[in-house]
**Student:** 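Below are the structure tokens for one structure; questions will follow.
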Amino acid sequence: MALYSEKVMDHFRNPRNAGVIENADGVGEVGNAKCGDIMKIYLKIDNDTVSDVKFETFGCGSAIASSSMATEMIKGKPLSEALELSNKAVAEALDGLPAYKMHCSVLAEEAIKAAVKDYYDKNGIKYDKSLFPDCESCAHCSIE
């Protein structure tokens, strides 16, 4: 059996939504100190819906594939659905990741949540802090 699925290889070789959104409505940047991966998600929001999403990822093939797949999964979705995206759903959509690479899908989930939180904060939108449980205590998504 191959180490990576065809979907992982496809999203690594042909990433969807790579790039930057100038004047993004929300930006989330997260990183993993152990592996050195850094992921940045840019959101454009229209009528509470993700109308556009881009990413920049510095990292391994699994991190790039996870970023690409996650952006595909939230594009055109309401923010409430984007917030429900889990790392498990990203990994399943990629037809699996090796256990030691699951942290890449976690970064995708965290970056999206950090970007949505940034959007809410920039616009003074009240939100349930339990939606962002890690954002109060972790260093990688403390967005001012």
Side-chain angles (χ1 to χ4, degrees), residues 1-46 48-122 125 127-144:
M1 183 173 124
L3 183 60
Y4 295 107
S5 72
E6 285 299 316
K7 281 189 183 177
V8 169
M9 295 307 296
D10 181 41
H11 278 267
F12 166 64
R13 290 184 184 125
N14 308 293
R16 284 67 152 180
N17 307 306
V20 176
I21 296 175
E22 295 298 327
N23 301 312
D25 296 316
V27 180
E29 184 172 355
V30 298
N32 183 311
K34 285 184 186 175
C35 67
D37 292 342
I38 299 170
M39 191 177 294
K40 195 168 191 176
I41 298 281
Y42 301 86
L43 298 176
K44 195 64 156 166
I45 310 297
D46 291 309
D48 207 38
T49 298
V50 179
S51 60
D52 197 11
V53 57
K54 301 276 186 212
F55 76 90
E56 291 181 300
T57 295
F58 176 82
C60 66
S62 295
I64 293 166
S66 292
S67 301
S68 175
M69 180 58 81
T71 59
E72 284 287 280
M73 293 174 77
I74 68 166
K75 196 172 196 175
K77 303 286 187 200
L79 285 177
S80 58
E81 285 186 39
L83 284 171
E84 290 175 1
L85 183 70
S86 69
N87 72 295
K88 185 177 177 186
V90 173
E92 286 174 359
L94 288 168
D95 292 336
L97 287 170
Y100 67 96
K101 291 293 186 178
M102 283 300 289
H103 68 274
C104 297
S105 61
V106 171
L107 283 178
E109 175 186 344
E110 289 177 347
I112 289 167
K113 286 183 178 176
V116 172
K117 182 180 183 300
D118 181 50
Y119 168 71
Y120 287 160
D121 289 342
K122 283 179 179 175
I125 298 170
Y127 55 85
D128 179 355
K129 290 189 183 208
S130 70
L131 294 172
F132 311 97
D134 297 329
C135 289
E136 295 299 319
S137 61
C138 68
H140 65 256
C141 59
S142 58
I143 298 170
E144 299 289 319

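Only heavy atoms go into these numbers, but all of them, side chains included; no hydrogens, no water, no symmetry mates.
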**Student:** Can you tell me how far apart NZ (Lys54) and OG1 (Thr71) are? Round to the nearest 0.5 Å.
**Tutor:**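 Here the interatomic distance stands at 8.5 Å.
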
**Student:** So do the side chains of Lys113 and Leu131 get within less than 4.5 Å of each other, counting heavy atoms only?
**Tutor:**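 Of all side-chain heavy-atom pairs linking Leu131 with Lys113, none is under 4.5 Å.
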
**Student:** When rounded to the nearest 0.5 angstrom, what distance separates CD1 in Ile74 from CD in Glu72?
**Tutor:**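 CD of Glu72 is found 10.0 Å from CD1 of Ile74.
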
**Student:** With rounding to the nearest 0.5 angstrom, report the CG to CG distance, Asn17 to Asp52.
**Tutor:**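 These two atoms lie 7.0 Å from each other.
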
**Student:** Tell me, do Leu85 and Val90 make a side-chain contact under 4.5 Å, heavy atoms counted?
**Tutor:**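 A side-chain contact under 4.5 Å exists here.
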
**Student:** Taking everything shown except Lys122 itself, do over 12 heavy atoms lie less than 6.0 Å from its NZ?
**Tutor:**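 Check passes, neighbour count above 12.
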
**Student:** Could you tell me if the side chain of Ser62 sits less than 4.5 Å from the side chain of Phe12, heavy atoms only?
**Tutor:**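 No - every pair of side-chain heavy atoms lies 4.5 Å or more apart.
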
**Student:** Could you check whether any side-chain heavy atom of Val50 comes within less than 4.5 Å of a side-chain heavy atom of Ile45, counting everything from C-beta outward?
**Tutor:**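 Heavy-atom side-chain distance check passes, below 4.5 Å.
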
**Student:** I would like to know whether Ile41 and Val53 meet side-chain contact (heavy atoms from CB on, under 4.5 Å); could you show each step before the answer?
**Tutor:** CA-CA 7 Å; Ile41 298 281; Val53 57; 3.9 Å; yes

**Student:** Could you point out which residue of Leu94, Val106, Asp37, Leu107 forms a side chain to side chain contact (heavy atoms under 4.5 Å, CB included) with Ser66?
**Tutor:**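 Running side chain to side chain contact (heavy atoms under 4.5 Å, CB included) over Leu94, Val106, Asp37, Leu107 with Ser66 returns exactly one hit, Leu94.
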
**Student:** Quick one: does Ser68's side chain have a donor or acceptor within less than 3.5 Å of a partner on Arg16's backbone?
**Tutor:**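 Confirmed, Ser68 side chain pairs with Arg16 backbone.
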
**Student:** When rounded to the nearest 0.5 angstrom, what distance separates CD in Glu92 from CG in Asn87?
**Tutor:**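 One gets 9.5 Å once the value is rounded to the nearest 0.5 Å.
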
**Student:** Taking all atoms of both residues into account, what is the closest heavy-atom pair of Met102 and Leu97, and its distance?
**Tutor:**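 Residues Met102 and Leu97, closest heavy atoms: SD-CB, 4.0 Å.
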
**Student:** What's the shortest heavy-atom distance between Ser67 and Thr57, and which atoms?
**Tutor:**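 Closest heavy-atom pair between Ser67 and Thr57: OG-OG1, 2.6 Å.
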
**Student:** Please report the interatomic distance CE(Met39) to CD1(Ile112), rounded to the nearest 0.5 Å.
**Tutor:**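 The distance works out to 8.5 Å.
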
**Student:** Between Met73 and Ala93, which heavy-atom pair has the shortest distance, and what is it?
**Tutor:**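 Minimum heavy-atom separation between Met73 and Ala93: SD-CB, 3.8 Å.
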
**Student:** Assess, by modelled atom type and distance only, whether the side chains of Ser5 and Asp95 contain a donor and an acceptor separated by less than 3.5 Å.
**Tutor:**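 No, no side-chain donor-acceptor contact under 3.5 Å.
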
**Student:** Please name the pair of heavy atoms, one in Asp118 and one in Asp25, separated by the smallest distance, quoted to 0.1 Å.
**Tutor:**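 Reported closest heavy-atom pair: OD2-O, 4.4 Å.
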
**Student:** Please indicate whether Lys75 has more than 12 foreign heavy atoms, meaning atoms of other residues, nucleotides or ligands, lying under 6.0 Å from its NZ.
**Tutor:**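 Buried by this count: over 12 neighbours within 6.0 Å.
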
**Student:** With rounding to the nearest 0.5 angstrom, report the NZ to CD1 distance, Lys117 to Ile125.
**Tutor:**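 If I round to the nearest 0.5 Å, the distance is 12.5 Å.
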
**Student:** Between Glu56 and Tyr42, is there a side-chain donor-acceptor contact under 3.5 Å, judged purely by atom types and distance?
**Tutor:**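 Side-chain D/A pair, Tyr42 to Glu56: present.
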
**Student:** Angle class for the Tyr120/Tyr127 ring planes (parallel below 30°, perpendicular above 60°, tilted otherwise)?
**Tutor:**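 Because their plane-to-plane angle is under 30°, the rings of Tyr120 and Tyr127 count as parallel.
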
**Student:** Between Lys101 and Cys60, which heavy-atom pair has the shortest distance, and what is it?
**Tutor:**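 Smallest heavy-atom distance, with atoms named: NZ-SG, 3.4 Å.
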
